[in-house]
2 protein chains.
Amino acid sequence: MTQRDLATATPVVTDGRPADLRAEAFQGVRDARSRELAEDYVELIAELIHDHGEARPVDIAARLGVRAPTVTKALDRLAREGLISRAKYRSVFLTDEGRALARECRRRHEIVLRFLLSLGLDAETAEHDAEGIEHHVSERTLALFAAFASKA
Amino acid sequence: MTQRDLATATPVVTDGRPADLRAEAFQGVRDARSRELAEDYVELIAELIHDHGEARPVDIAARLGVRAPTVTKALDRLAREGLISRAKYRSVFLTDEGRALARECRRRHEIVLRFLLSLGLDAETAEHDAEGIEHHVSERTLALFAAFASKA
DNA sequence: TCTGATAGTTAGCACTGTCTAACTTTATTC
DNA sequence: GAATAAAGTTAGACAGTGCTAACTATCAGA
């Protein structure tokens with residue numbers, strides 16, 4: 001067997017699918033990872049605006065458990081991506097796009113959370129796990145979660 | 001109300017828990033994120049060794065969907081962390097610690113996968129989502145998943 | 001109104017993860 | 001065994017996420 005075989009020539013099947021499909025799955029996970037931070041910020045900003053009328057970096061930092069400069073940098077990126085608008089030394093606003101993303105994230109978060117609770121998980125662990133899981137569930141899985149939770 | 005109140009003085013409760021606990025959740029997610037890559041590599045290396053007798057960077061790269069230098073760098077880090085051992089231009093071996101981690105990852109992966117399948121998800125989506133979710137489920141959630149899957 | 005406390009920014013460092021280009025080593029094949 | 005193909009490494013770039021230290025702006029209260 002040549003070196004080439006293992007890597008590409010043979011459609012090596014390890015778990016029922018060729019390597020390429022697996023690579024796509026990992027690519028998807030990497031994409032999700034790069035969106036996660038933005039989603040967490042946008043979701044939190046929407047919540048702060050809803051509850052307190054404004055979203056200030058200091059509150060974002062406290063809730064995310066990071067330092068102020070980290071927040072500044074992240075907000076710069078979000079602004080660059082068109083998800084928020086802001087002026088120096090002022091609090092943060094969501095653009096239409098940011099608001100749409102926030103709504104979508106909230107929806108996913110709540111479905112996952114309700115699902116975990118309906119499985120019998122305690123509230124604290126459910127919240128913790130939902131935070132991690134919500135960025136990695138497909139629409140299809142989400143639909144099953146929602147159906148299960150409303151049936152339970 | 002002073003500026004300080006929102007951030008720290010008042011134990012602001014937004015979703016039933018003070019901000020500090022939320023910060024811990026996000027901290028946990030960040031920790032998980034930093035472990036994810038190592039876990040993906042170790043799991044894959046174990047699988048390649050099992051199926052093909054050896055784990056070569058070229059195969060790792062193909063399956064993860066990244067370029068060779070990315071793999072080299074990642075393997076350097078894994079070696080530094082004591083999870084793998086390797087010699088230049090040679091294939092990769094797991095240390096005892098690496099093997100233990102691989103076993104643990106495989107266990108989690110399979111529980112999550114079986115759970116998603118037992119919910120009625122198609123195989124491809126299940127595999128895809130399991131890849132993303134497996135790093136973010138607590139032991140407690142995993143136990144519930146396992147129980148549900150074996151009951152279904 | 002001015003002054004001290006709080007909030008926010010900037011600059012600079014460290015680490016990770018990705019890439020391309022160029023090079024070295026190893027394997028295959030004639 | 002020499003030539004070629006494949007695999008692996010190194011170097012260097014770039015972006016993201018985190019930090020501390022030091023600076024600037026804003027706010028609250030005397």
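Just so we're on the same page: letters track the sequence lines, and every chain starts at 1. Keep in mind the model is a prediction, meaning the values are calculated, not measured.
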Asker: Starting from P on D:dT9, measure out to CZ on B:R90 and report it in whole angstrom.
Answerer: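 Atom CZ in B:R90 sits about 11 Å away from atom P in D:dT9.
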Asker: Atom pairs under 3.5 Å, N or O on each side, protein against nucleotides 16-20 of chain D: can you list them with distances?
Answerer:
{"residue": "D:dT17", "atom": "OP1", "partner": "A:R77", "partner atom": "NH1", "Å": "2.7"}
{"residue": "D:dT17", "atom": "OP2", "partner": "A:R77", "partner atom": "NH1", "Å": "2.5"}
{"residue": "D:dG18", "atom": "O6", "partner": "A:K73", "partner atom": "NZ", "Å": "2.3"}
{"residue": "D:dC19", "atom": "OP2", "partner": "A:R67", "partner atom": "N", "Å": "2.9"}
{"residue": "D:dC19", "atom": "OP2", "partner": "A:T70", "partner atom": "OG1", "Å": "2.6"}
{"residue": "D:dT20", "atom": "OP2", "partner": "A:R67", "partner atom": "NE", "Å": "3.2"}

Asker: Of the nucleotides D:dG8, D:dT9, C:dT9, which one has an atom closest to the side chain of B:T72?
Answerer: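 Closest nucleotide to the B:T72 side chain: D:dT9.
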Asker: Any chance you could pull the hydrophobic cluster mates of A:L117, using side-chain heavy atoms under 4.5 angstrom and chaining through other members?
Answerer: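 Taking Ile, Leu, Val, Met, Phe, Trp and Tyr as members, A:L117 shares its hydrophobic cluster with A:L113.
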Asker: Kindly indicate whether the side chain of B:D40, heavy atoms from C-beta on, has any atom under 4.5 Å from the side chain of B:H135.
Answerer: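 Answer yes - side chains close enough.
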Asker: Of all the nucleotides listed (C:dT10, D:dA7, D:dT10), which has the minimum atom distance to the side chain of B:K88?
Answerer: D:dT10
Asker: What residues, two or more places apart in sequence or in another chain, satisfy side chain to side chain contact (heavy atoms under 4.5 Å, CB included) together with A:R140?
Answerer: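 A:R140 satisfies side chain to side chain contact (heavy atoms under 4.5 Å, CB included) with A:S138, B:L121, B:D122, B:T125 only.
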Asker: Over how many whole Å does the gap from A:R86 atom CZ to C:dG8 atom C1' extend?
Answerer: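 It is 9 Å, rounded to the nearest whole Å.
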Asker: Using the salt bridge (charged side-chain N to carboxylate O under 4.0 Å, His left out) criterion, which residues pair with A:R35? Sequence neighbours excluded.
Answerer: A:E39
Asker: Using whole Å, report how far CG of B:D76 lies from C1' of D:dT9.
Answerer: 9 Å
Asker: Grab the OH-C1' distance between B:Y89 and C:dT25 for me, whole Å please.
Answerer: 5 Å
Asker: Report the distance from atom CZ of B:R35 to atom P of C:dG17, rounded to the nearest whole Å.
Answerer: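 Rounded to whole Å, this separation is 13 Å.
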Asker: Could you tell me which residues satisfy salt bridge (charged side-chain N to carboxylate O under 4.0 Å, His left out) with A:R103, sequence neighbours excluded, listed by chain and number?
Answerer: none
Asker: To the nearest Å, how far apart are A:I60 CD1 and C:dT9 C1'?
Answerer: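 It is 14 Å, rounded to the nearest whole Å.
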Asker: Residues two or more places apart in sequence or in another chain: which of them pass side chain to side chain contact (heavy atoms under 4.5 Å, CB included) with B:R90?
Answerer: B:A87
